[in-house]
Amino acid sequence: MVAQKSVVTPQSEDFPRWYQDVLNKAELAENGPVRGTMVIRPYGYALWERMQAEVDQRIKAAGADNAYFPLFIPESYLHKESDHVEGFSPELAVVTMGGGRELAEPVVVRPTSETIINAYLSKWIQSHRDLPMLINQWANVVRWEMRPRIFLRTTEFLWQEGHTAHASQQSARTYAAKILHEVYRDFMEQVLAIPVLVGYKTAAERFPGAINSMCLEAMMRDTKALQMGTSHELGQSFATMFDITYLDAEGNQEHVWQTSWGVSSRMVGGLIMAHGDDRGMVVPPRLAPTQAVVVAVRSDANVVEACHSLATELHAKGVRVKVDDATDTGFGRRATNWELKGVPMRVEIGPRDLEQQQATVVSRIGTEKQAVGLGDVPAVLVRELDRAQQAILATATAWRDSKIVDVNNLSTAREAAQVGFARIPWQVLGTEGEAALAKDAISVRCLQRADGSLPQAMEEPDLMAICARSY
RNA sequence: CGGGCUGUAGCGCAGUUUGGUCAGCGCACCUGCUUUGGGAGCAGGGGGUCGCCGGUUCAAAUCCGGCCAGCCCGACCA
């Protein structure tokens, strides 16, 4: 076997450059003409569509229904919640002209939709029988970012945002945690194969307008943290400002308790940086738009026919499969391109294979090739796909865990956070320590219990702070 | 928005110090032939107002001024 030339900048040499190389060579996305915008190419969008499908299914299972609210929001709506407007004002895109004339009231392009959705929830909610009201929308939002990075932080990005109203604080809190665990964590670990730490955001990191922000934090291959998703308890502030009230069973007028929660196209960046290696992307099989590619090694009618017939068989078994019979491109180049895209399994068929009535099966996460009888390929592939899914999660988890260091003072925390996650008792760190670490670009990613579980309240004793550099 | 670096073909770059056969290289692309089991070879070919505007000069990718954009490091954030 010929030594493989490096096709992207090695991670160890220059991680940001590696990321750019993968975006380009795997044909995922590129910059749009307006600063901070991105063009998502078909393969990148296929990854997002798979994410949408899996997340949407879980959201519906959690009882929320999809709806759609407008892109434009009256500027006055934003001003109804003071923390909210303060948090988002610096990054708003505001439209002042329309139809060639100055608008009487400027409209903002939504940076998030709490305000407009709550304006309507207040019309729709009258009785305790209307609660809980569970709404989700898939949309694009715009935040004028100072330092954009494709997928991780773009001026316009794609996401889902859930907005719910409940009769009690407990119901809202329970639901926000349910979304965190049953929708987000389950999706990220079981589908994306990315292990996440869950916890509360500190007051400094909280969503503008929330009384409690819960989050999921993943570690990228450069040991920086990426916030993969959030679920917020909004308390009653939006309910008060937008007058969302209901009559309870005793006939009392009450304000609802609310939540909001979201995951975005940022997850595509997280996927790239959580699993990728020096050969490109590694896409876990349950997510992969293409789980297996059947490659015709040489231009030969029998070979090409065997590839298509095997693909048909695999498709019938529920494998998302493609045939690569573009034999006017050399085999090596095609193999490399599929690896760059992170397609989990490759099945190679050439004349030599055909003579033996076999195919050569290669996993993206391994290097060895195995010869498999043609008839056994579907069963082997199904087994290997499952194995790869488990292996990718296990590898990512073991690696991340090896980069989490327990520390007990500020200076060791600072040191540990340069090369991983520093875990330090919150009562040792405190808000002063948090501010001190911020000077070195280290933030408290989340507060969690010592066993890694989600706290019930900020005031719980013995919470641990996870500190890291982040995207 | 601060600090640093960089804008030359789709991508990556050389050339700028010392103005003048510098419009160049590698990859990619097109055609033909030979190839195809890990980024193929040979031959031929297409593509760039050198980021933009202005200035200096007989002459500007090169010098001067301004602007714009991108990347990296920070502050802000999904």
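Numbered from 1 within each chain, the chains take letters A, B, ... in sequence-line order. Since the structure is predicted, the reported quantities are computational estimates derived from the model, not experimental observations.
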Over 12 non-hydrogen atoms of neighbours within 6.0 angstrom of [atom1] in [X]:
{"X": "Glu305(A)", "atom1": "CD", "answer": "no"}
{"X": "Glu49(A)", "atom1": "CD", "answer": "yes"}
{"X": "Tyr120(A)", "atom1": "OH", "answer": "no"}
{"X": "Lys322(A)", "atom1": "NZ", "answer": "no"}

(request) Answer with base, sugar-phosphate or nothing: what part of the nucleic acid does Thr360(A) contact at a heavy-atom distance below 4.0 Å? (result) base
(request) Give Asp353(A) one of three labels, base, sugar-phosphate or nothing, depending on what nucleic acid heavy atoms sit under 4.0 Å from its own. (result) base
May I ask which nucleotide in the shown strands pairs with [N], Watson-Crick or G-U wobble, both distances under 3.5 Å?
{"N": "G7(B)", "value": "C68(B)"}
{"N": "G38(B)", "value": "none"}
{"N": "C1(B)", "value": "G74(B)"}
{"N": "G19(B)", "value": "none"}
{"N": "A59(B)", "value": "none"}
{"N": "U31(B)", "value": "A43(B)"}
{"N": "C50(B)", "value": "none"}

(request) Spell out protein contact along nucleotides 71-78 of chain B as letters: B when the base is contacted, S when just the sugar-phosphate is, - when no protein heavy atom is under 4.0 Å; keep the 5' to 3' order. (result) SSBBBBBB
In this structure, how many angstroms lie between the [atom2] atom of [N] and the [atom1] atom of [X], rounded?
{"X": "Glu30(A)", "N": "G10(B)", "atom1": "CD", "atom2": "C1'", "answer": "10 Å"}
{"X": "Leu23(A)", "N": "C11(B)", "atom1": "CG", "atom2": "P", "answer": "15 Å"}
{"X": "Asn337(A)", "N": "A40(B)", "atom1": "CG", "atom2": "P", "answer": "10 Å"}
{"X": "Arg334(A)", "N": "U35(B)", "atom1": "CZ", "atom2": "P", "answer": "17 Å"}
{"X": "Asp328(A)", "N": "G32(B)", "atom1": "CG", "atom2": "P", "answer": "11 Å"}
{"X": "Leu340(A)", "N": "A28(B)", "atom1": "CG", "atom2": "P", "answer": "14 Å"}
{"X": "Arg298(A)", "N": "U34(B)", "atom1": "CZ", "atom2": "P", "answer": "14 Å"}

Between [N] and [M], how far apart are the two [atom1] atoms, rounded to whole Å?
{"N": "G15(B)", "M": "A59(B)", "atom1": "P", "result": "27 Å"}
{"N": "A43(B)", "M": "C73(B)", "atom1": "C1'", "result": "49 Å"}
{"N": "U8(B)", "M": "U49(B)", "atom1": "P", "result": "13 Å"}
{"N": "G74(B)", "M": "C11(B)", "atom1": "C1'", "result": "29 Å"}
{"N": "G46(B)", "M": "G12(B)", "atom1": "P", "result": "24 Å"}
{"N": "G7(B)", "M": "A14(B)", "atom1": "C1'", "result": "15 Å"}
{"N": "G47(B)", "M": "G24(B)", "atom1": "C1'", "result": "14 Å"}
{"N": "U21(B)", "M": "U62(B)", "atom1": "C1'", "result": "16 Å"}

(message) According to side-chain contact (heavy atoms from CB on, under 4.5 Å), who are the partners of Ala296(A), at least two apart in sequence or on a separate chain?
(response) Val303(A), Val304(A), Cys307(A), Asp325(A), Thr327(A)
(request) Taking all heavy atoms of Ser260(A) and all of Glu114(A), pick out the closest pair and write down the distance. (result) OG-OE2, 2.7 Å
(message) Tell me if the centroids of the rings in Phe207(A) and Phe88(A) come within less than 6.0 Å of each other.
(response) yes
(request) Could you tell me whether Glu156(A) and Arg143(A) make a salt bridge, using a distance below 4.0 angstrom between a side-chain N and a carboxylate O? (result) no
(request) Looking only at side-chain atoms of Arg333(A), point me to the closest of A40(B), G37(B), G38(B). (result) A40(B)
(request) Can you sort out the partners of Arg469(A) under salt bridge (Lys or Arg N to Asp or Glu O under 4.0 Å), two or more places apart, ordered by chain and number? (result) none
(request) Ignoring hydrogens and angles, answer whether the base of G37(B) and the side-chain atoms of Arg352(A) contain a donor-acceptor pair closer than 3.5 Å. (result) yes
